[in-house]
Amino acid sequence: MVTFATRNAKNMSVVTQIKEAAVKAISHLYGINLQTQDIQVNATKPEFEGDYTVVLFAFVKQLKKSPDALGKELGDTLLAQNPALFTSYNLIKGFLNLCISDSYWLHFVEREYTNTGFGNSKSNGQRVMVEYSSPNTNKPLHLGHLRNNFLGRSIAEILKANGYEVSKTCIVNDRGIHICKSMVAWQLFANGAIPADTNTKGDHFVGDYYVKFNNEYKKQVAELIAAGKSTEEAEKEAPVMKAAQQMLFDWEAGKPEVIALWQLMNSWVYAGFDATYQRIGSDFDKTYYESKTYLLGKDLVESGLAKGVFFQKADGSVWIDLTADGLDEKLVRRKDGTSVYITQDIGLAEQKQKEFNAGQSIYVVGDEQNYHFKVLKLICQKLGLPSADGIFHLSYGMVELPTGKMKSREGTVVDADDLVEEMVAIAKQKTEELGKVKDFTEEELTDLYDILGLGALKFFLLRVDPKKKMVFNPEESIDFHGFTGPFIQYTHARIKSILRKSGMAQPPANNNLPKANLLPLEKELSIQLEMFPAILQDAAIEHDPSKVAIYAFNLARIFNSFYAGHSIGNAENEEKKILRLQLSQLTARVIKNGMNVLGIRVPERM
RNA sequence: GGACCGGUAGCUCAGUUGGAUAGAGCAGCUGCCUUCUAAGCAGCAGGUCAUUGGUUCGAAUCCAAUCCGGUUCACCA
């Protein structure tokens with residue numbers, strides 16, 4: 001338990017300081033000891049005077065005081081006990097509006113404007129694992145995968161900024177019937193062609209054969225039905241489907257030519273994925289392959305049976321009864337002795353525990369698997385795996401089109417590579433229209449288009465609460481104005497330009513801190529900047545990058561108002577000029593650090 | 001049928017440990033570049049917070065019911 005006295009007030013947010021001051025004041029006044037969580041502090045509404053507001057209703061009953069009497073006593077005591085923090089208060093209908101002293105904000109800016117790591121926490125020694133991306137090797141990545149990749153990468157960076165040691169992992173689904181379908185189609189239709197022959201990325205190349213398989217399958221089913229078969233029979237007997245099933249059987253038997261083809265086609269896919277990952281900034285400390293992990297967990301079924309966690313049915317199949325937890329019975333081993341999907345996940349959870357020993361293991365997986373992960377965690381807990389309580393499913397909603405869900409069979413899937421290139425092309429077009437960077441080299445321009453195009457795309461997908469499904473409209477594409485990545489990137493470039501023109505490598509320290517004369521826009525910007533560390537913490541606790549995205553947008557918006565309202569380089573006097581340059585530099589830094597945890601770069605010029 | 005998630009402005013989304021007159025962006029309409037980047041700023045307009053009831057000083061937020069949409073409950077992965 002850290003006490004107020006031993007904590008460094010400099011590193012504590014204003015809101016926390018207000019809460020602690022209120023706890024202390026209430027204890028002093030009424031002899032009642034509250035926790036900081038009991039104190040509700042909000043930003044003061046703009047129409048009232050003040051910066052932060054303590055909501056009094058919560059204590060009115062407990063302290064048996066009228067809101068007015070309580071507010072007056074609390075307000076007076078807060079001011080008396082914290083003369084450096086508060087300058088005045090006013091009381092409106094149970095809301096205690098507090099004015100924070102300008103010198104508090106001035107000292108904050110003075111202290112932090114050169115701190116390149118502002119917002120980051122020191123190492124806390126805790127280890128976290130983030131599993132994300134997790135593609136199938138039968139088709140290329142699409143828009144939904146992009147949301148997954150950006151979320152995974154971002155949550156890893158957010159946790160790092162909060163002092164965690166983070167390992168990123170990926171599990172590649174490189175085996176199973178879907179891969180066999182691509183293999184069968186390739187044998188039937190490719191005439192030995194390889195990706196290089198058609199100038200196609202390997203993942204797209206293999207994906208094309210997956211589509212060809214499905215087309216052929218549909219054709220064969222239709223023919224069989226026309227020949228008098230029932231739909232069910234036709235689907236079962238279609239020659240390509242039988243071939244795919246035989247392929248899977250041969251794969252599991254280790255038939256050399258099947259393994260060789262499988263390895264060859266997967267190698268094409270990996271080359272394609274690597275290119276995409278490099279482009280979008282995904283990387284992994286360790287990649288697992290299902291072909292190597294799919295047999296994991298079998299020993300855990302045995303030990304679970306011995307412990308009585310699992311039970312065996314008459315046919316030999318093994319189950320767990322989760323009805324007491326409000327779920328159903330769940331199969332963990334088939335009657336033929338083979339594993340099911342969840343068995344390998346249990347085994348992999350154990351293996352990850354052994355390899356990484358992380359206190360928290362985050363799985364970035366779509367919300368259609370909510371039930372699966374609820375079951376997985378429960379089973380691991382019942383088996384007593386040490387990692388069980390640390391399992392966290394970072395569940396995210398589907399990306400939908402205005403017409404509904406994306407369906408690969410109907411060709412309505414938005415391809416990841418295509419979308420990235422489209423965004424970069426739009427960035428190029430808009431940049432050329434504005435004509436502000438005509439002196440850039442070819443290389444600098446290419447880099448700028450990447451920064452902007454990918455920034456727009458990432459921000460679009462990260463600005464929404466992960467839990468919620470979201471809509472992407474390909475007709476409207478993604479905007480570069482308003483609540484967007486480029487808007488924030490633009491603000492950064494704008495600040496950098498101002499700083500360059502100030503003629504100083506860095507604003508000097510302000511020896512003459514002006515007292516109590518912050519203008520409203522200067523103060524609003526200071527308050528917003530001060531929140532950044534708390535926002536980063538909140539984003540980590542909630543596993544929610546959108547908190548950072550929304551914050552960064554609001555910061556940029558406030559800066560732009562500040563910029564429009566006040567001259568920075570030609571301020572009224574030297575103190576103001578220094579202060580505004582410091583504010584500008586700190587804003588640029590916070591934008592950069594905030595965007596960085598979203599995986600978005602910011603340009604010096606645009 | 002059971003479980004879970006969602007429904008807020010024309011569109012896309014914030015806001016939900018209960019707090020003041022529900023906020024942004026886009027789209028629409030007005031203004032603002034001979035001073036630091038107009039990918040910007042200022043303003044106007046736009047709402048039965050799905051519906052009904054309840055809890056209380058106070059409900060978009062909590063509870064119940066209903067309507068609508070989605071996911072899931074495979075000896076699939």
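Chain naming here is simple, since letters A, B, ... match the order of the sequence lines and numbering starts at 1 in each.
Residue A/Arg557 has no polar side-chain atom (N or O) positioned under 4.0 Å from OP1 or OP2 of B/A14. An OP1 or OP2 oxygen of B/A20 is reached within less than 4.0 angstrom by no side-chain nitrogen or oxygen of A/Lys93.
Residue contacts shown for A/Asn173 are limited to sugar-phosphate atoms, with no base heavy atom under 4.0 Å away. Across all strands shown, A/Asn473 has no heavy atoms under 4.0 Å from either base or sugar-phosphate atoms. Among the protein residues, A/Lys468 comes within range of the nucleic acid bases, having at least one heavy atom under 4.0 Å from a base atom. Contact annotation for A/Ser497: base contact, defined as any heavy-atom pair under 4.0 Å involving a base atom. Residue-level contact check: A/Asn370 touches neither bases nor backbone, having no heavy atom under 4.0 Å from any strand. Residue contacts for A/Tyr371: at a heavy-atom cut-off of 4.0 Å it reaches the sugar-phosphate backbone alone, with no base atom in range. Heavy atoms of A/Ile177 sit nowhere under 4.0 angstrom from any nucleic acid atom. Across all strands shown, A/Tyr563 has heavy atoms under 4.0 Å from base atoms, whether or not it also approaches the sugar-phosphate. Within 4.0 Å of A/Lys501, counting heavy atoms only, lie sugar-phosphate atoms of the nucleic acid but no base atom. A/Val471 comes within 4.0 angstrom of sugar-phosphate atoms only, judged by non-hydrogen atoms across all strands, and of no base.
When the P atom is compared between B/G25 and B/U61, the two are found 25 Å apart, to the nearest whole Å. Comparing the C1' positions of B/U34 and B/U30 gives a spacing of 24 Å, expressed to the nearest Å. A gap of 15 Å separates the P atoms of B/C67 and B/U52, to the nearest Å.
A 3.5 Å limit on both hydrogen-bonding distances identifies B/G31 as the Watson-Crick or G-U partner of B/C41. Remark: B/U55 base-pairs with no nucleotide; criterion is Watson-Crick or G-U wobble with both hydrogen-bond distances under 3.5 Å.
Between the base of B/A20 and the side chain of A/Thr53 there is a donor-acceptor pair shorter than 3.5 Å. Evaluation of atom-type donor-acceptor distances gives a pair under 3.5 Å for the side chain of A/Asn97 against the base of B/A20. Between the side chain of A/Ser317 and the base of B/C75, at least one donor-acceptor pair of N or O atoms lies under 3.5 Å.
A/Trp251 has its ring centre less than 6.0 Å from the ring centre of A/Tyr294. Here A/Phe480 and A/Tyr490 keep their ring centres 6.0 angstrom or further from each other.
Aromatic stacking of A/Phe483 on B/A24: not satisfied for centres closer than 5.5 Å together with planes under 30 degrees.
For A/Thr338 and A/Asp336, the side-chain atoms include at least one donor-acceptor pair closer than 3.5 Å. Between A/Thr137 and A/Asp174, the side chains place no donor N or O within less than 3.5 Å of an acceptor N or O (distance only, hydrogens not considered). Using modelled atom types, one finds a donor on one side chain and an acceptor on the other under 3.5 Å when comparing A/Asn148 with A/Tyr396.
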